[in-house]
Amino acid sequence: MVLKNNLKAVRCQKGLTQEELADLVGVSRQTIISIERYKYKPSLELGLKLSLTLDIKIEGLFYFEKK
């Protein structure tokens, strides 16, 4: 299984730029870019911060996809 996410779609729905979201959760813009491009798997702590900041359940933000 592969970890996927809806981060970009949810971020855009909330009207946030990558920079704004990064500032809200305390990471760099590059970290947000890497998560959206599936090049970086966030820690549980960062995943929870993202879900709380975007007001979405973590299961709605991150999910597994079968290969």
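Computed over heavy atoms, backbone and side chain alike; hydrogens, waters and symmetry mates excluded.
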Give a yes-or-no answer on whether the side chains of Q18 and E36 include a donor-acceptor pair shorter than 3.5 Å. yes
Side chain to side chain, K57 and L61, heavy atoms closer than 4.5 Å: no
Grab the two heavy atoms, one from E20 and one from L16, that are nearest each other, plus how far apart they are. OE1-CA, 3.3 Å
Grab the two heavy atoms, one from A22 and one from I32, that are nearest each other, plus how far apart they are. CB-CG1, 3.8 Å
Is it true that L24 and L54 fall in one hydrophobic cluster, defined by side-chain heavy atoms closer than 4.5 Å? yes
Assess whether atom CD of E45 is packed by more than 12 heavy atoms of other residues, nucleotides or ligands within 6.0 Å. no
Taking the six-membered ring of F64 as reference, does the NZ or CZ atom of K4 fall below 6.0 Å from its centre and within a 45° cone about the axis? no
Quick one: which of V10, I35, V27, N5 gives a side-chain contact (heavy atoms from CB on, under 4.5 Å) with L50? I35
Kindly work out whether a path of hydrophobic side-chain contacts (I/L/V/M/F/W/Y, heavy atoms less than 4.5 Å apart) joins L48 to Y63. no
Under a single-linkage definition using a 4.5 Å side-chain heavy-atom cutoff for Ile, Leu, Val, Met, Phe, Trp and Tyr, are I58 and L46 assigned to the same hydrophobic cluster? yes
Determine, stepwise, if the pair N6 / F62 fulfils side chain to side chain contact (heavy atoms under 4.5 Å, CB included). CA-CA 7 Å; N6 294 316; F62 297 95; over 6 Å; no
Tell me yes or no: between the side chains of S34 and T31, is some donor less than 3.5 Å from an acceptor? no
State yes or no: do L7 and L44 share one hydrophobic cluster built from I, L, V, M, F, W and Y residues joined by side-chain heavy-atom distances below 4.5 Å, directly or via other members? yes
Heavy atoms, side chains only, cut-off 4.5 Å: are V25 and L52 in contact? no
Which distance, rounded to the nearest 0.5 Å, do you find between the CD of E65 and the CG of L3? 10.5 Å
Can you check whether R29 reaches T17 side chain to side chain, under 4.5 Å on heavy atoms? no
Looking only at heavy atoms, the pair that brings G47 and P42 closest together is N-CB, 4.3 Å
